[in-house]
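So the structure is just underneath, and the comments pick up after that.
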Amino acid sequence: MEKRLRTVVLFLFFSIILFPLFPFGSGVSQENLVRFSLWAQTEVYPGFFKSDVSEKEKSLNIVREEDEWYSVPVRKIREIAPFLVEGMVYGWRFSYTPYDRARGVEEFFEFEPVNRLSEEELSRIHYKKPWAEGDRLSAWVEFQRTAFQSHRFRAWESVLHPRIKGVGFAHLSKGFDGIREASEEALKNAVREYERTILKTKPKEVSGIVLIREPPLIGIDAGRYRITLDFFMETDRILEYRTF
């Protein structure tokens, strides 16, 4: 009887923890619905007190009044989500100058969203099926594309844009800034590796636009965020050195 009871308890426990993972598998098309998972650690941050939870945060479907402990990771997820949704819906504009020791040129890289999400668009970001596992609170982020945005995504797919992929890292203590820093490094590495395949010599500058084509993969590696990003790429211009 005890063995049977333990089996039932274990089944219920793993069903609660793992069930949210299956309805939203990675095989879902991103054409009409942007969908990806995000997580944040649940430890209490310095300076955080329960009384700091707003009524708006209590009303979110991923935090109940009795679960104020999770309000900080909820905030972190809500900070990160729009940044990644912008990259998946509108894309990021970048400019890259490779390091060139012979010419005394330092590496330079910058990027910014092509368009920022409007207040109305921000309100269309939804957080679904939260689950806690270890020291993390996770949730699925969903954003329904408009007809125009779906058409734009199909245009990126149909045109012969190269697919590029990169991995970036940043220290966990940096929080949201760490996700942005790791994303910047992932994009820079993706652009750099692609540029090496099409150019015989280092360019003076490469600039263009990328659109995140697959859900971002965010993990931990040796105390750092590790983010893998997969892009469509459109090159605006490639400037080459005229003389050595």
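Keep in mind the model is a prediction, meaning the values are calculated, not measured.
Within the 4.5 Å cutoff, the side chain of Gln30 has heavy atoms near those of the Pro215 side chain. For the pair Tyr194/Val206, no side-chain contact is recorded, criterion being any heavy-atom separation below 4.5 Å from C-beta on. Between Ser138 and Lys129, the closest side-chain pair of non-hydrogen atoms is not below 4.5 Å. Inter-residue side-chain proximity for Leu33 and Arg145 is flagged as unmet; no heavy-atom pair is nearer than 4.5 Å. Inter-residue side-chain proximity for Arg180 and Ser183 is flagged as unmet; no heavy-atom pair is nearer than 4.5 Å. Inter-residue side-chain proximity for Ser37 and Val141 is flagged as unmet; no heavy-atom pair is nearer than 4.5 Å. The shortest side-chain heavy-atom distance between Leu187 and Leu229 does not fall under the 4.5 Å cut-off. Counting heavy atoms from C-beta outward, Arg163 and Arg213 have side chains that approach closer than 4.5 Å.
Between Arg196 and Glu193 there is a salt bridge, with a side-chain nitrogen of the basic residue lying less than 4.0 Å from a carboxylate oxygen of the acidic one. Contact check on Lys202 versus Asp100 returns no salt bridge, with no Lys/Arg side-chain nitrogen under 4.0 Å from an Asp/Glu carboxylate oxygen. Comment: Glu214 does not engage Lys165 in a salt bridge, judged by the lack of any side-chain N to carboxylate O separation of less than 4.0 angstrom. Salt bridge Glu240/Lys204: absent, no basic N to carboxylate O contact under 4.0 Å.
Just one of Phe94, Phe108, Tyr96 meets the side-chain contact (heavy atoms from CB on, under 4.5 Å) condition when paired with Lys188; it is Tyr96. For the side-chain hydrogen bond (donor to acceptor under 3.5 Å, both in side chains) criterion with Arg124, the lone passing option out of His126, Glu120, Glu121 is Glu120. For the side-chain hydrogen bond (donor to acceptor under 3.5 Å, both in side chains) with Ser95, the qualifying choice from Glu205, Glu110, Glu112 is Glu205, the only one to do so.
For the atom pair CD1 (Ile218) and CG (Leu38), the distance works out to 5.0 Å, reported to the nearest 0.5 Å. For the atom pair Glu157 CD and Leu211 CG, the distance stands at 9.5 Å (nearest 0.5 Å). Annotation: the span from Thr235 atom OG1 to His161 atom NE2 amounts to 8.5 Å, rounded to 0.5 Å. Expressed to the nearest 0.5 Å, how far CD1 of Ile238 lies from CD of Glu195 amounts to 8.0 Å. Within the model, atoms CZ of Phe176 and CZ of Arg75 stand 15.5 Å from one another, a figure rounded to the nearest 0.5 Å.
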Could you go step by step and tell me if Asp236 and Arg93 meet the side-chain contact (heavy atoms from CB on, under 4.5 Å) rule?
CA-CA 10 Å; Asp236 285 342; Arg93 192 182 308 277; 4.1 Å; yes
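When all heavy atoms of Ala81 and Tyr127 are compared, the closest pair comes out as CB-OH, 3.7 Å. Summarising the geometry of Trp156 relative to Ile209, their closest heavy-atom pair is CH2-O, 3.8 Å, with the distance given to 0.1 Å. Considering every non-hydrogen atom in both Ala170 and Gly178, the closest pair reads CB-O, 3.1 Å. Summarising the geometry of Pro98 relative to Val105, their closest heavy-atom pair is O-CG1, 3.9 Å, with the distance given to 0.1 Å.
Within 6.0 Å of the CZ atom in Arg154, the count of heavy atoms belonging to other residues, nucleotides or ligands exceeds 12.
Side-chain N or O atoms of His171 include none that pairs as donor or acceptor with a backbone N or O of Arg224 at under 3.5 Å. With hydrogens and angles disregarded, a donor-acceptor distance shorter than 3.5 Å links the side chain of Asn189 to the backbone of Val167. With hydrogens and angles ignored, the 3.5 Å screen pairs a side-chain donor or acceptor of Arg152 with a backbone N or O of Tyr90. Although no hydrogens or angles enter the test, the distance criterion places a donor-acceptor pair under 3.5 Å between the side chain of Glu185 and the main chain of Phe169. Under a 3.5 Å cut-off, the side chain of Glu142 and the backbone N or O of Lys128 do not form any donor-acceptor pair. In terms of modelled atom types and a separation under 3.5 Å, the side chain of Trp39 and the main chain of Pro73 share no donor-acceptor contact. Formation of a donor-acceptor pair under 3.5 Å by the Gln149 side chain with backbone atoms of Val89 is not found in this model.
The aromatic rings of Phe153 and Phe232 sit perpendicular to each other, their planes meeting at more than 60°, with 30° as the lower class boundary. In this structure, Phe83 and Phe111 have perpendicular ring planes: the angle between them is above 60°, well past the 30° mark.
Tracing side-chain contacts under 4.5 Å through hydrophobic residues (I, L, V, M, F, W, Y), one never reaches Leu199 starting from Tyr99; they form parts of separate clusters. Under the 4.5 Å side-chain contact rule for hydrophobic residues, Trp140 and Leu217 do not share a cluster. Residues Ile80 and Leu122 share a single hydrophobic cluster, defined by chaining ILVMFWY side chains whose heavy atoms lie under 4.5 Å apart.
For Arg103 and Tyr241, the positive end sits near the middle of the six-membered ring, less than 6.0 Å away and at most 45° from its axis.
With sequence neighbours excluded, the residues that form a side chain to side chain donor-acceptor pair (under 3.5 Å) with Asn32 are Ser150.
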